[in-house]
Structure formats: structure tokens, C-alpha cells
Amino acid sequence: MFFDGATNFKGVGIASVLVSETGQHYLLSAKLRFPCTNNMAEYEAYILGLRLAIDMNVQELLVIGDSDLLVHQVFGEWATKNTKILPYLYCVQELIKRFTKIEFKHVLRIQNEFADALTTLSSMIQHPDKNFIDPILIGILK
């Protein structure tokens with residue numbers, strides 16, 4: 001599972017990409033509509049991917065991300081007293097208990113480019129100020 005979160009002047013975007021052993025990609029991305037830090041966005045993306053993996057009954061998971069801080073906090077190697085981050089950390093620690101095996105790998109941003117690109121696109125989308133998104137009509141041609 002690859003994940004990434006980003007904040008910029010257009011908003012906050014998150015993305016997770018699950019890749020099966022057969023190479024099938026399952027993509028999730030979203031624009032967050034509440035203010036948050038980049039670290040909070042990273043945790044949001046991570047939780048999004050973990051929940052998808054749990055819903056798909058994944059038992060063993062390799063998590064790959066470019067947030068060194070998040071990986072070290074989850075492993076308990078680095079402490080945090082940030083009251084905005086602690087709920088995310090506790091949520092992740094509970095979610096990872098559902099896996100029989102979970103490993104983490106920190107990579108450079110360039111090695112996380114697919115999740116990074118989805119995150120950037122998600123952050124830039126301008127949603128209407130409504131609680132719904134207009135449907136897109138798609139025609140099927142033979």
C-alpha cells in the first residue's frame with residue numbers, strides 16, 4: 001500500500017494505492033474539506049488505505065510512504081505530544097492490530113510518485129459548495 005497526503009493553497013488532498021500480489025491497483029483519493037497540517041493529511045491518507053485493506057480482508061500488508069515522521073511515530077520510535085496528531089496515532093495503532101503481518105517502508109517522494117500525483121490532483125479539485133457531486137454522463141460505444 002502506497003499513501004500520501006498534501007496541503008497546498010488549493011486545499012488538502014489524500015490518496016492511497018493498494019497493489020495486490022497480481023499487480024491489480026485499487027485507488028482511493030479524496031479532498032479534505034477541513035483545515036489540517038501536512039502531517040494530519042499523511043495520517044488521513046494512511047488510515048484511508050488501512051481501512052480499504054481491512055474491508056478487502058487483507059491479512060499481510062507492506063505499507064510504503066514518504067512520511068518518515070509517521071512511520072517512526074507508529075513504531076513508537078519517536079514520541080509526539082501534538083494534540084492534533086495523537087488521535088490519528090491511536091487510530092492507526094488500533095487499525096494495524098487487525099493485520100497478521102504489517103511492515104513499513106520509508107521511501108523518497110520520487111519513489112511514491114503515483115500516490116503523490118493522486119494527492120496533488122485531489123487537493124486541487126474545486127468542489128461545489130453542496131453536499132453532492134453532479135453525475136457524469138458516460139456513453140458506451142461498441
Side-chain angles (χ1 to χ4, degrees), residues 1-140:
M1 176 186 91
F2 293 87
F3 72 95
D4 198 18
T7 59
N8 59 43
F9 70 97
K10 292 250 184 180
V12 180
I14 61 173
S16 290
V17 180
L18 288 178
V19 182
S20 72
E21 291 176 331
T22 62
Q24 179 71 37
H25 288 61
Y26 301 91
L27 315 173
L28 283 175
S29 67
K31 180 170 185 168
L32 302 182
R33 297 187 68 181
F34 57 90
C36 64
T37 66
N38 196 58
N39 288 333
M40 291 166 65
E42 292 280 349
Y43 270 101
E44 287 279 353
Y46 185 35
I47 290 167
L48 182 72
L50 288 177
R51 288 185 172 153
L52 176 62
I54 290 167
D55 288 347
M56 295 176 68
N57 295 316
V58 172
Q59 297 299 309
E60 296 183 5
L61 186 65
L62 172 61
V63 180
I64 301 169
D66 56 31
S67 174
D68 199 32
L69 176 77
L70 187 146
V71 172
H72 287 290
Q73 285 177 343
V74 169
F75 275 126
E77 297 165 352
W78 294 354
T80 183
K81 294 180 183 175
N82 185 332
T83 57
K84 291 182 178 181
I85 296 295
L86 284 173
Y88 288 109
L89 180 59
Y90 297 146
C91 178
V92 167
Q93 289 171 337
E94 286 302 310
L95 290 173
I96 63 176
K97 290 178 183 176
R98 296 190 176 184
F99 297 92
T100 57
K101 181 180 179 183
I102 189 165
E103 294 180 36
F104 300 86
K105 181 178 180 184
H106 175 260
V107 294
L108 300 175
R109 174 172 281 156
I110 192 70
Q111 295 170 306
N112 197 24
E113 62 188 346
F114 194 48
D116 185 59
L118 286 173
T119 299
T120 301
L121 288 172
S122 296
S123 71
M124 298 175 99
I125 292 172
Q126 294 298 316
H127 294 286
D129 290 329
K130 302 173 188 171
N131 289 331
F132 62 92
I133 297 173
D134 294 325
I136 299 172
L137 299 176
I138 299 174
I140 299 174

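Computed from heavy atoms alone, side chains included, the values below leave out hydrogens, waters and symmetry copies.
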### Query
Considering only heavy atoms from C-beta outward, does the side chain of V74 approach that of I96 to under 4.5 Å?
yes
### Message
Looking at every heavy atom in both P87 and T83, which two are closest together, and how far apart are they?
### Response
CD-O, 3.2 Å
### Query
Distance from M56 atom CE to L18 atom CG, nearest 0.5 Å?
6.0 Å
### Query
Which is it for T7 and T37 under the side-chain contact (heavy atoms from CB on, under 4.5 Å) test, yes or no, and what are the steps along the way?
CA-CA 7 Å; T7 59; T37 66; over 6 Å; no
### Task
Compare every heavy atom of A41 with every heavy atom of A6, then report the nearest pair and how far apart it is.
N-CB, 3.9 Å
### Query
Side chains of L50 and F99: closer than 4.5 Å at any heavy-atom pair?
yes
### Query
Do Y88 and I47 have side chains that get closer than 4.5 Å, going by heavy atoms?
yes
### Task
Report the residue from L69, D68, L70 that forms a side chain to side chain contact (heavy atoms under 4.5 Å, CB included) with H72.
D68
### Summary
Scanning both residues in full, the closest heavy-atom pair of S16 with G49 reads OG-N, 3.2 Å
### Query
Looking at side-chain heavy atoms only, is the closest gap between M1 and L62 below 4.5 Å?
no
### Message
I need the L61 CG to T100 OG1 distance, nearest 0.5 Å.
### Response
10.0 Å
### Query
Of the non-hydrogen atoms in V12 and F34, which two are nearest, and what is the gap between them?
CG2-O, 4.3 Å
### Query
Given the rule in the side-chain contact (heavy atoms from CB on, under 4.5 Å) test, do Y46 and V92 qualify, once you have shown the distances and angles that lead to the verdict?
CA-CA 8 Å; Y46 185 35; V92 167; 3.2 Å; yes
### Query
Can you list every pair that meets salt bridge (charged side-chain N to carboxylate O under 4.0 Å, His left out) and has a residue in residues 41-56, with sequence neighbours left out?
none
### Query
So which heavy atom on Q93 is nearest to which on Q73, and how close?
NE2-O, 4.3 Å
### Task
Keeping to residues at least two apart or across chains, list the salt bridge (charged side-chain N to carboxylate O under 4.0 Å, His left out) pairs with something in residues 83-102.
E94-K97, K101-E103
### OH/Y90: more than 12 non-hydrogen atoms of other groups inside 6.0 Å
no
### Query
Once you round to the nearest 0.5 Å, how far does CG of D66 lie from CG of D4?
4.5 Å
### Query
Would you say S29's side chain and A15's backbone share a donor-acceptor pair under 3.5 angstrom?
no
### Query
Do F3 and Y43 have side-chain heavy atoms sitting under 4.5 Å apart?
no
### Message
I want to check something: taking the side chain as every heavy atom from C-beta on, are F104 and I102 in contact at a cut-off of under 4.5 Å?
### Response
yes
